[in-house]
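For reference, the structure is listed below as structure tokens.
Small disclaimer: the values here were computed from a predicted structure and weren't measured. As a basis for the values below, the full set of heavy atoms in this structure was taken, side chains included, without hydrogen atoms, waters or symmetry mates.
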Amino acid sequence: MGATATDPTGGRLPRRRFLAALAGFSIVSMAALVVTPIVGFLVPPRTSGGAAGGKVLVGKVADIPPGEGKVVPVGSKPTIVVNTAQGMKAYSAICTHLGCIVTYDSGSAAIVCPCHDGRFNPTTGAVESGPPPTGLTPEEVTVEGDEIFVVSA
């Protein structure tokens, strides 16, 4: 005796209403899947490093012995710090050819791009060989006591 004159379905959700709700949910879900990446692209991410600029501690002098180099993060950019005979030098670790991250090769005493064998002078950052069109961008580096700082812009 479940059906009455005012409720012909017996208290159940009518099929058309259920399908309409399912279609509405599907449309809203699809719109969210389309809009979310667009909003993520348009809204810049928050950076973890507070205010722009300033000195960033990148390590201790003992971490980079003479004739060695190390890639360190400075903000959101990689920087290579090299301990040369002329003291600590720092350069952008992004190769000027195709944007690969450079490393220091102590065997050849050069900063090397692993992508196309571009080589840079560790003292000046200038191109020694390979396809890079220009040298590495120098960064300001200071040594205070036994700590190495790179001054970020």
Side-chain angles (χ1 to χ4, degrees), residues 13 15-153:
L13 183 63
R15 185 180 303 184
R16 284 188 183 191
R17 203 162 127 198
F18 171 76
L19 290 176
L22 185 62
F25 176 76
S26 298
I27 290 170
V28 169
S29 297
M30 184 63 73
L33 287 172
V34 170
V35 170
T36 300
I38 293 170
V39 170
F41 177 76
L42 295 175
V43 176
R46 293 183 185 207
T47 57
S48 61
K55 293 191 313 186
V56 177
L57 176 65
V58 295
K60 299 203 178 279
V61 174
D63 296 340
I64 308 173
E68 294 292 325
K70 181 179 179 182
V71 177
V72 294
V74 176
S76 62
K77 298 181 204 170
T79 298
I80 187 162
V81 179
V82 183
N83 192 347
T84 68
Q86 289 77 23
M88 291 289 180
K89 302 287 183 174
Y91 305 97
S92 168
I94 300 171
C95 180
T96 56
H97 178 229
L98 291 178
C100 299
I101 305 300
V102 298
T103 60
Y104 186 77
D105 180 18
S106 57
S108 64
I111 299 171
V112 179
C113 178
C115 296
H116 297 103
D117 200 34
R119 294 182 179 272
F120 301 90
N121 184 311
T123 305
T124 63
V127 177
E128 289 183 341
S129 68
T134 61
L136 297 172
T137 305
E139 303 282 341
E140 185 179 342
V141 64
T142 60
V143 178
E144 297 177 9
D146 66 338
E147 297 180 322
I148 305 167
F149 294 92
V150 171
V151 180
S152 65

Do you know which two heavy atoms are closest between L98 and H116, and how far apart they sit?
-> CD1-CE1, 3.1 Å
Do the side-chain sulfurs (SG) of C115 and C100 come closer than 2.5 Å?
-> yes
When rounded to the nearest 0.5 angstrom, what is the spacing between CG in D63 and CG in N83?
-> 11.0 Å
Heavy-atom closest contact (P37 atom, L33 atom, distance) | CD-O, 3.2 Å
Point-to-point distance, once rounded to the nearest 0.5 Å, from CD of E140 to NZ of K55 | 9.5 Å
Test R119 against D105 for side-chain contact (heavy atoms from CB on, under 4.5 Å), laying out the working first.
-> CA-CA 10 Å; R119 294 182 179 272; D105 180 18; 4.0 Å; yes
Main-chain N/O of P122 paired with Y91 side-chain donor or acceptor, under 3.5 Å = yes
Shortest non-hydrogen contact between I101 and P114, atoms and distance | O-CD, 3.3 Å
Determine the minimum heavy-atom distance between T79 and A90, stating which atoms define it.
-> CG2-CB, 4.1 Å
Please report the closest heavy-atom contact between T96 and G135, naming both atoms and the distance.
-> CG2-O, 3.2 Å
Side chain to side chain, N121 and E128, heavy atoms closer than 4.5 Å = yes
Looking at NZ of K89 and CD1 of I111, how far apart are the two atoms once the value is rounded to the nearest 0.5 Å?
-> 11.0 Å
When rounded to the nearest 0.5 angstrom, what distance separates CG in L19 from OG in S26?
-> 10.5 Å
Using the side-chain contact (heavy atoms from CB on, under 4.5 Å) rule, pick out the option among I148, V72, V74 that qualifies with V56.
-> V74
Please report the C-alpha distance between V82 and I64 in whole Å, then the side-chain angles of each, then the deciding distance to 0.1 Å, and finally whether the side-chain contact (heavy atoms from CB on, under 4.5 Å) criterion is met.
-> CA-CA 7 Å; V82 183; I64 308 173; over 6 Å; no
Closest heavy-atom pair, P78 versus I94, reported as atoms and distance to 0.1 Å, is CG-CG1, 3.9 Å
With distance as the sole test, does T84 use its side chain to make a donor-acceptor pair with the main-chain N or O of G87 at under 3.5 Å?
-> yes
